[in-house]
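Scroll down for the structure; my scribbles are underneath it.
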Amino acid sequence: MDLMPNVKGTRDLLPSESVIWARVEETARRVFSLYGYGEIRTPVLEHTELFVRTVGESTDIVGKEMYTFEDRKGRSLTLRPESTAAVARAFVDHRLGEQPLPVKLFYMGPHFRYERPQKGRYREFHQIGAELLGDPGPASDAEVIRMLVGFLEELGFEDLTVLLHTVGDQETREAYRAALVEFFAPLAEQLSSESRKRLERNPLRILDTKDSAERELLIDAPKLEDSLSAGSREHFAGVRSALDRLGVKYRVDPGLVRGLDYYTLTVFEIVSEGLGAQNAIVGGGRYDRLLADLGGPDLPAIGFAIGLDRLVESLPAAFRDRCTQAPAVRLIAIDPVPKLAAMELGEELRARGVAAVVDFGNDRMKAALKRAHRSGARYVLLLGEDELAKNAVTCRDLNAGEQSLVPRSEIVGLLHNRLRNQIKGQIKGQIEGQIEGQPAGQPGRQRGEGEA
RNA sequence: GUGAGCGUAGCUCAAUCGGUAGAGCACUUGAUUGUGGUUCAAGUGGUUGGGGGUUCAAGUCCCCUCGCUCACCCCA
């Protein structure tokens, strides 16, 4: 039992894991910026009212999952359970509607919901999201989805299917809501208590029930498709034809009803295998009323949020294997005096972009070499009195188990070249600027799968 | 919020009907005075999550509690 455990539903990410997260985040930044998105960083803390008004009082998020508390002046604050509302708030606050439209923003960071943790669900979780604000067209919907799919492909995901649906415009929703209530009212006894509540508060949510008896009832229930207004129908058709043209695979899923109140028209989701029950890694949709509801301009918008925790859990092994952080070179000084020489050499290597660590242990070389091996280093440079006297260093290749005496003047260039060559094969599909100092790999892990 | 399962060495786990806690890996040391990874030998390591109860005797049975995990609900 820990004396000081972490807070339930939160976790620490150690370097072997956080390096993967960093690569995913870098990829998102690169891909999204190629589409003209800029990063927005909003506070983790917002007024509770923001989420109550936008996400919806009838949702579980607002009803029972928010981390809400009063500050010292009695104001009700909430740790953000999602970010679309916050981005919309910032958009209104900063009058971004007066800029050339659409405004394209992405964000990433921690979010909080008070739920029982399980696989793929944490109380502190992380989202990467993007919002395109100020354009009504189906083309924007398609571009947003295309960008999202492109991002996931960069990470090595294959065969992910986009689930697509429409919840219609306001007119549609009102008509359909009425139709649903009319249909279910006489059947209320056959509904679960949960669904009876839904019938009052948010009838659309009955559609995605998992209760088999209720699914039977749904067969004869009015279809959302039949209530779609002409405009909604046209919009949905536009999204679909644009996605077809862009080569995005999707499946229309009539059961897909996003839970948040602010969604209109297009909604979509991406699920992944191997995540257990919490398999949605992305959710998104259009929210044409949200900005106006917040007292801002009457502008439409669309966006999505990626569950980073779940994304990383389902990340293809090929991507994970490329994410290593061990410095490739380790310098071991055998006596006190060469230690300073080792530090100097380390600086020279780093100046050329070669990641190098000086071993400061004062024990025997045996122990130092062991540390080097365990660190995942590819090369060890040995500096002792012998080497100093000859103005050279011993360069040991830990993979090959071979070593040679290299003149001091040549060692930096030699390592720089060797590591550069090794990296070129691995770098494909990875971030520019990561070329330097690419490590040799983790202990116990196959080397060089990324090559060729 | 509801339900189920599980807490034994740093890690993964074992321990028969209740009988005085053990293995693999890891770690330390040595074989090797300036050479890791392989091999061999030796060694360190435990309040069996915590508290209470039953019993001659509890890791094992009972109660309480804390924690973790999975699932429901819902969502990323």
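Just so it is clear, the model here is predicted, and its values are computed rather than measured. Chain letters run A, B, ... following the sequence lines, proteins first and then strands; every chain starts at 1.
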Distance, C1' atom - from B:G18 to B:C56, rounded to whole angstrom: 12 Å
From B:G34, B:C68, B:A76, nucleotide with atom closest to A:Ala280 side chain: B:A76
Partner nucleotide, any strand, of B:C61 [Watson-Crick/G-U, under 3.5 Å]: B:G53
Watson-Crick/G-U partner (both atom distances under 3.5 Å) of B:U33: none
Shortest non-hydrogen contact between A:Pro102 and A:Gly134, atoms and distance: CB-C, 4.2 Å
Base partner of B:C13, which must satisfy Watson-Crick or wobble distances under 3.5 Å: B:G22
NZ/NE/NH1/NH2 to OD/OE distance under 4.0 Å, A:Glu26 and A:Arg29: no
For atom CD of A:Glu115 and atom C1' of B:U69, their distance in whole Å: 16 Å
A:Asp309 and A:Arg11 ion-paired at < 4.0 Å: yes
Distance test, side-chain N/O of A:Gln118 to OP1/OP2 of B:A71, below 4.0 Å: yes
Any A:Leu308 side-chain heavy atom under 4.5 Å of A:Trp21 side chain: yes
Residue whose closest nucleotide on RNA chain B lies nearer the 5' end, A:His126 versus A:Arg121: A:Arg121
Atom-to-atom span, CG of A:Asn6 to C1' of B:C68 - whole angstrom: 11 Å
Watson-Crick or G-U wobble mate for B:U48, both contacts under 3.5 Å: none
A:Tyr379: which of A:Val354, A:Leu398, A:Leu331, A:Leu415 passes side-chain contact (heavy atoms from CB on, under 4.5 Å): A:Leu415
A:Glu57 versus A:Val62, closest heavy-atom pair with distance: CA-CG1, 4.0 Å
Length of the CD-C1' vector between A:Gln127 and B:C75, whole Å: 9 Å
Inter-nucleotide C1' distance (B:U32, B:A41), Å rounded: 14 Å
Interface with RNA chain B, restricted to residues 304-313 of chain A and to heavy atoms under 4.0 Å: A:Ala305, A:Gly307, A:Arg310
Gap in Å between the two P atoms, one belonging to B:U29 and one to B:U8, rounded: 29 Å
Spacing between A:Tyr262 atom OH and B:C75 atom P, to the nearest angstrom: 11 Å
Separation of the P atoms in B:U2 and B:G59, to the nearest angstrom: 33 Å
Parallel, tilted or perpendicular: rings of A:Phe32 and A:Phe151 (30°, 60°): tilted
Any A:Leu105 side-chain heavy atom under 4.5 Å of A:Glu39 side chain: no
Length of the CG-C1' vector between A:Leu331 and B:U35, whole Å: 16 Å
P atoms of B:U65 and B:U47, separation to the nearest Å: 25 Å
Other residues, nucleotides, ligands: >12 heavy atoms within 6.0 Å of A:Lys249 NZ: no
Check nucleotides 3-6 of chain B against the protein and report each pair of N or O atoms closer than 3.5 Å, with its distance, or say if there are none.
residue	atom	partner	partner atom	Å
B:G3	O6	A:Arg116	NH2	3.1

Nucleic acid footprint by protein, nucleotides 36-43 of chain B - heavy-atom cut-off 4.0 Å, B for base, S for sugar-phosphate alone: BB------
Strand partner of B:G5, provided both Watson-Crick or wobble distances fall under 3.5 Å: B:C68
Sugar-phosphate only, base, or nothing, as touched by A:Gln278 at under 4.0 Å among non-hydrogen atoms: base
Separation of atom CD in A:Glu82 from atom P in B:C75, rounded to whole Å: 12 Å
Separation of the P atoms in B:C6 and B:A76, to the nearest angstrom: 33 Å
5'-most by nearest nucleotide on RNA chain B - A:Lys8 or A:Leu383: A:Leu383
Atom pair distance, as rounded to whole Å: CG in A:Asp60 and C1' in B:C72: 12 Å
Nearest-neighbour nucleotide for the A:Glu387 side chain, B:G30, B:G34, B:A76 considered: B:G34
A:Arg30/A:Glu25 salt bridge by N-O under 4.0 Å criterion: no
Basic-acidic side-chain contact under 4.0 Å: A:Glu385, A:Lys390: no
Same-atom distance (C1') from B:G1 to B:C11, integer angstrom: 35 Å
Positive for side-chain contact (heavy atoms from CB on, under 4.5 Å) with A:Leu164, one of A:Arg240, A:Arg251, A:Glu269: A:Arg240
Separation of atom CD1 in A:Ile270 from atom C1' in B:A76, rounded to whole Å: 12 Å
Parallel, tilted or perpendicular: rings of A:Tyr67 and A:Tyr114 (30°, 60°): perpendicular
B:A42 pairs with, by Watson-Crick or G-U criteria that keep both distances under 3.5 Å: B:U28
Flag for A:His235-A:Asp141: side-chain donor and acceptor within less than 3.5 Å: yes
Between B:U60 and B:G43 - P atom distance, rounded Å: 30 Å
